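Source: prediction; values computed, not measured.
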Amino acid sequence: DSTGDWSSDVCSSDLCKIITQIQDRFLKSPIYNDKELRTYDEMLVSWFEALPHFLRLPDPNAPGLQDARLVLRWRYQSIRILLHRPLILDTVLRKIQFHHLSAPEQGIISKCREIAAESIHSIQSEWLPNKICCWNAIWFLFQACLIPLMALAIEPTGSDDYQSWYSQVRIGIAVCGNMSELSPAGQRTGAFLERLLLASTSSSSEDSQCEVGAADQAPLHTTTEPFAADLDVEHGIGQDSAQYYTSFGFSNLDDQLLG
């Protein structure tokens, strides 16, 4: 109804205001301390918890708001992923495995991986068979799948969560296939995830015996800056992923996925 539509617009606007604050902070510097990270994450969590019930949980009495509810939820999860992701990107570029990190760094990476898994499973179980929902779901699913892909690329195959990360990516590939009849991006995204999965698991096998010394590690800002500064306010997610994709031979991500 009109009240629900108005509420979803207001809630979306409030989320965009938080995203703008995060974007402005990223543009000043891709490096932020633990306190800043917690502050921004708490702002996002508080926003989500304050949503009307029909925008937080499935409501059979508001079927017309389900697309809005899902997109808001996935956008919220995706911006939280982006908020925590610079450290993951840094560890992958410098080939630093989880057990070499400090306790606070491990906490940040664990939370990012947890949010990504939550997003993947949410999209798997809740996506709706219409073009608007599928277009958004594929994009947010792809962003979420990058996190377990990067875990597979850097962590040893004997890691406790290795099979879980692998299963998450396989879920993403399967869901993209299910959406392919409604969105042309579905089949291409699934195929691209397949190629990234192959590259990531190959990399993990090769690097499982590698040890990286502190003296060989590049400064954080030299590795995260290309990734952290580019944030899409409209969708609440980063557009920086093309930096990661081009290493696999894709020069134009939009053409590969949407062309």
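Residues Pro156 and Gln97 form a side-chain contact, since some pair of their non-hydrogen atoms from C-beta on lies under 4.5 Å apart. Within the 4.5 Å cutoff, the side chain of Ser202 has heavy atoms near those of the Leu198 side chain. Using a 4.5 Å heavy-atom threshold, the side chains of Glu181 and Pro129 count as separate. Looking at heavy atoms from C-beta onward, Ile96 lies out of side-chain contact with Ile154 at the 4.5 angstrom threshold. Ile108 is not listed as a side-chain neighbour of Leu101, based on a closest heavy-atom distance of 4.5 Å or more. For the pair Glu126/His121, no side-chain contact is recorded, criterion being any heavy-atom separation below 4.5 Å from C-beta on. Here the side chains of Glu36 and Thr39 are not in contact, with every heavy-atom distance at 4.5 Å or above. At a threshold of 4.5 Å between non-hydrogen side-chain atoms, the residues Gln187 and Phe192 do not count as touching.
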Item to complete: Could you please spell out the steps behind the side chain to side chain contact (heavy atoms under 4.5 Å, CB included) verdict for Val175 and Trp127?
Response: CA-CA 9 Å; Val175 173; Trp127 72 276; 4.2 Å; yes
Fill in: Check against salt bridge (charged side-chain N to carboxylate O under 4.0 Å, His left out), Asp41 and Lys111
CA-CA 11 Å; Asp41 195 51; Lys111 178 170 284 191; 3.5 Å; yes
Worksheet item: Does the side chain to side chain donor-acceptor pair (under 3.5 Å) test come out yes or no for Ser164 and Gln168, once each step is laid out?
Response: CA-CA 6 Å; Ser164 176; Gln168 289 167 30; 3.2 Å; yes
Discussion item. Applying side chain to side chain contact (heavy atoms under 4.5 Å, CB included) to Trp74 and Ile79, what does each step give before you reach the verdict?
Written reply: CA-CA 9 Å; Trp74 299 336; Ile79 190 60; over 6 Å; no
Practice prompt. Give the intermediate values and the outcome of side chain to side chain contact (heavy atoms under 4.5 Å, CB included) for residues Ile123 and Met179.
Written response: CA-CA 11 Å; Ile123 294 170; Met179 295 180 185; 4.0 Å; yes
Worksheet entry | Full working for side chain to side chain contact (heavy atoms under 4.5 Å, CB included) between Phe98 and Ser110 | CA-CA 9 Å; Phe98 186 82; Ser110 294; 3.4 Å; yes
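With rounding to the nearest 0.5 Å, the separation of OH in Tyr166 from CG in Leu149 is 11.0 Å. Annotation: the span from Asp90 atom CG to Arg85 atom CZ amounts to 13.5 Å, rounded to 0.5 Å. Note: Thr189 OG1 to Glu194 CD = 12.0 Å, rounded to the nearest 0.5 Å. A distance of 9.5 Å separates CZ of Phe140 from CD of Gln77, quoted to the nearest 0.5 Å. With rounding to the nearest 0.5 Å, the separation of CG in Leu15 from OG1 in Thr20 is 9.0 Å. Distance check, rounded to the nearest 0.5 Å: CD1 of Ile109 to OG1 of Thr91 gives 4.0 Å.
Using bins of under 30°, 30° to 60° and over 60° for the plane-to-plane angle, the ring pair Tyr76/Trp47 lands in the tilted bin.
Of all non-hydrogen atoms in Leu193 and Cys176, the two that sit nearest each other are CD1-SG, 4.2 Å. Between Ile88 and Met150, the closest heavy-atom pair is CG2-CE, 3.9 Å. The shortest non-hydrogen separation linking His99 to Gln106 is CA-NE2, 3.8 Å. In terms of heavy atoms, Arg69 sits closest to Leu57 at CD-O, 3.3 Å. Pairing each heavy atom of Ser159 with each of Glu155, the nearest pair is OG-CB, 3.6 Å. Nearest heavy-atom pair, Ile147 versus Cys112, reported as atom, atom and distance to 0.1 Å: CD1-SG, 3.8 Å.
Partner of Arg73 under the side chain to side chain contact (heavy atoms under 4.5 Å, CB included) criterion, chosen from Ser119, Ser122, Ser78: Ser122. Of the options Leu51, Leu55, Val71, Asp67, a side chain to side chain contact (heavy atoms under 4.5 Å, CB included) to Ser8 is made by Leu55 and by none of the others.
No more than 12 heavy-atom neighbours from other residues, nucleotides or ligands sit within 6.0 angstrom of CG on Asp160. Within 6.0 Å of the CG atom in Leu128, the count of heavy atoms belonging to other residues, nucleotides or ligands exceeds 12.
In summary, Glu118 and Arg113 do not engage in a salt bridge, as defined by a charged side-chain N under 4.0 Å from a carboxylate O.
Neither Ile132 nor Leu182 shares a network with the other; the hydrophobic side chains, linked directly or stepwise wherever heavy atoms of I, L, V, M, F, W or Y lie under 4.5 Å apart, form separate groups for each.
Distance alone, capped at 3.5 Å, is enough to place a donor-acceptor pair between the Glu105 side chain and the Ser102 backbone.
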